[in-house]
Amino acid sequence: MCTNARLVQGSNVSGWFGMPMANAPLPDANFKLVPNEPAYLEVTVDPAAHGEAGLGPLTRRVTMQTAGGQQFSFDLTGVIVH
């Protein structure tokens, strides 16, 4: 998988999640954030996953959903060079 993401808050780290494949259910991270504590989203991109087609402009969106159904999206853009 070329793009993976995980949540990190202090020593609490979720597993890595990638793009769901054709109609697969979305995975449940079961990750509880502690209020008023910093947290971050860590994202990795493996351009080699697409060979030469992986070079050039890159746009990725990571979407998360709370247990209450609220969604958050984070957009990443960049350029992959050889």
Side-chain angles (χ1 to χ4, degrees):
M1 203 150 319
C2 70
T3 305
N4 294 288
R6 68 181 180 179
L7 282 168
V8 179
Q9 187 177 48
S11 62
N12 195 11
V13 180
S14 77
W16 287 101
F17 295 92
M19 291 176 17
M21 301 313 243
N23 298 320
L26 294 175
D28 185 352
N30 198 22
F31 191 93
K32 296 183 191 279
L33 291 171
V34 177
N36 301 315
E37 293 293 326
Y40 65 92
L41 181 66
E42 184 176 353
V43 179
T44 62
V45 176
D46 179 7
H50 296 288
E52 289 295 316
L55 299 176
L58 167 82
T59 301
R60 296 288 184 269
R61 173 172 286 161
V62 176
T63 302
M64 298 185 301
Q65 182 173 314
T66 68
Q70 187 177 14
Q71 288 191 350
F72 300 90
S73 291
F74 301 89
D75 293 329
L76 305 150
T77 59
V79 177
I80 304 296
V81 296
H82 185 32

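Heads up: numbering here begins at 1 and tracks the sequence.
- Under the side-chain contact (heavy atoms from CB on, under 4.5 Å) criterion, Val13 pairs with Arg6, Val8, sequence neighbours left out.
- Grouping Ile, Leu, Val, Met, Phe, Trp and Tyr residues whose side-chain heavy atoms lie under 4.5 Å apart, directly or via other members, places Val81 in a hydrophobic cluster with Val79.
- A search for side-chain contact (heavy atoms from CB on, under 4.5 Å) contacts involving Leu41 returns Ala5, Leu7, Val43, Val62, Met64, Phe74, not counting sequence neighbours.
- Remark: Cys2 SG to Leu58 CG distance equals 8.0 Å, nearest 0.5 Å.
- Under the 3.5 Å distance criterion, the side-chain polar atoms of Gln9 are matched with a main-chain donor or acceptor of Val34.
- Applying the side-chain contact (heavy atoms from CB on, under 4.5 Å) criterion to Thr66, with sequence neighbours excluded, gives Gln70, Phe72.
- Legend: salt bridge (charged side-chain N to carboxylate O under 4.0 Å, His left out) pairs involving residues 54-68, not counting sequence neighbours, sorted by first then second residue: Arg61-Asp75.
- A donor-acceptor contact closer than 3.5 angstrom is absent between the side chains of Thr77 and Thr59.
- Take Ser14 and apply the side chain to side chain donor-acceptor pair (under 3.5 Å) test, not counting sequence neighbours, and it matches no residue.
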